[in-house]
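Here the structure is laid out as structure tokens; the discussion comes afterwards.
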Amino acid sequence: MCKARIKALSDKHASVRQQWRERSAYFHDEDTRYLKFLVPAGGRVLELGCGTGATLAALHPAYGVGVDFSAAMVAVARTQYPQHTFVAADIEASTWTATLDGPFDYIIIVDTIGSLDDCQATFTQLHACADRTRV
């Protein structure tokens with residue numbers, strides 16, 4: 001599926017994303033449990049492809065930043081989790097890392113890799129905010 005179509009669907013369904021998460025609660029709970037094992041609470045966490053911010057918030061970071069290319073998803077995230085920072089940006093663009101207050105202890109990418117056109121270029125860009133970061 002092309003990126004433009006994924007973005008359009010994300011924008012369209014942002015307001016009901018939580019309902020879909022609830023319908024597949026077992027899957028999301030298992031993901032969250034594993035991420036909590038890898039990412040201890042209280043760190044500086046960057047989530048790429050954050051959607052509505054539920055995963056980032058569940059990790060209880062001291063400083064959390066979520067990035068998503070859907071402005072509608074980011075708007076929902078900002079409303080639901082105002083204690084964190086959410087940015088609408090395409091993580092494959094070359095300038096988005098300049099807006100971040102890094103470095104981060106952890107960078108998480110959940111269910112986003114398949115939406116990228118060039119994974120290697122995206123990971124290369126992370127060096128700007130990931131000096132000693134666990135991805």
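Below, each value reflects all heavy atoms present in this structure, side chains not excepted, and no hydrogens, waters or symmetry copies.
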Decide yes or no for [X] and [Y]: does some side-chain heavy atom of the first lie under 4.5 Å from some side-chain heavy atom of the second?
X: P40; Y: Y106; value: yes
X: I108; Y: L48; value: no
X: F123; Y: I113; value: yes

Starting at [atom1] of [X], measure out to [atom2] of [Y] and round the result to the nearest 0.5 Å.
X: T55; Y: K36; atom1: OG1; atom2: NZ; answer: 10.5 Å
X: L46; Y: I107; atom1: CG; atom2: CD1; answer: 5.0 Å
X: D101; Y: Y63; atom1: CG; atom2: OH; answer: 4.0 Å

What residue pairs, at least two apart or across chains, pass side chain to side chain donor-acceptor pair (under 3.5 Å) with a residue in residues 67-85?
D11-S70

Heavy-atom pair of closest approach, residues [X] and [Y]:
X: A62; Y: G42; answer: CB-O, 3.3 Å
X: A88; Y: A71; answer: CB-CA, 4.1 Å
X: G51; Y: A77; answer: O-CB, 4.0 Å
X: G66; Y: C50; answer: C-SG, 3.5 Å
X: V74; Y: V87; answer: CG2-O, 3.6 Å

Quick check: is I91 connected to F104 through a chain of hydrophobic side chains (ILVMFWY, heavy atoms under 4.5 Å apart)?
yes

Applying the 4.5 Å side-chain criterion to the ILVMFWY set and letting contacts propagate, would V67 and V76 be lumped into a single cluster?
no

So, the side chain of [X] versus the backbone of [Y]: is there a donor-acceptor pair under 3.5 Å, distance only?
X: R44; Y: V65; answer: no
X: T112; Y: V110; answer: yes
X: E47; Y: L56; answer: yes

Step by step, would you call D105 with V45 a side-chain contact (heavy atoms from CB on, under 4.5 Å)?
CA-CA 6 Å; D105 300 315; V45 179; 6.0 Å; no

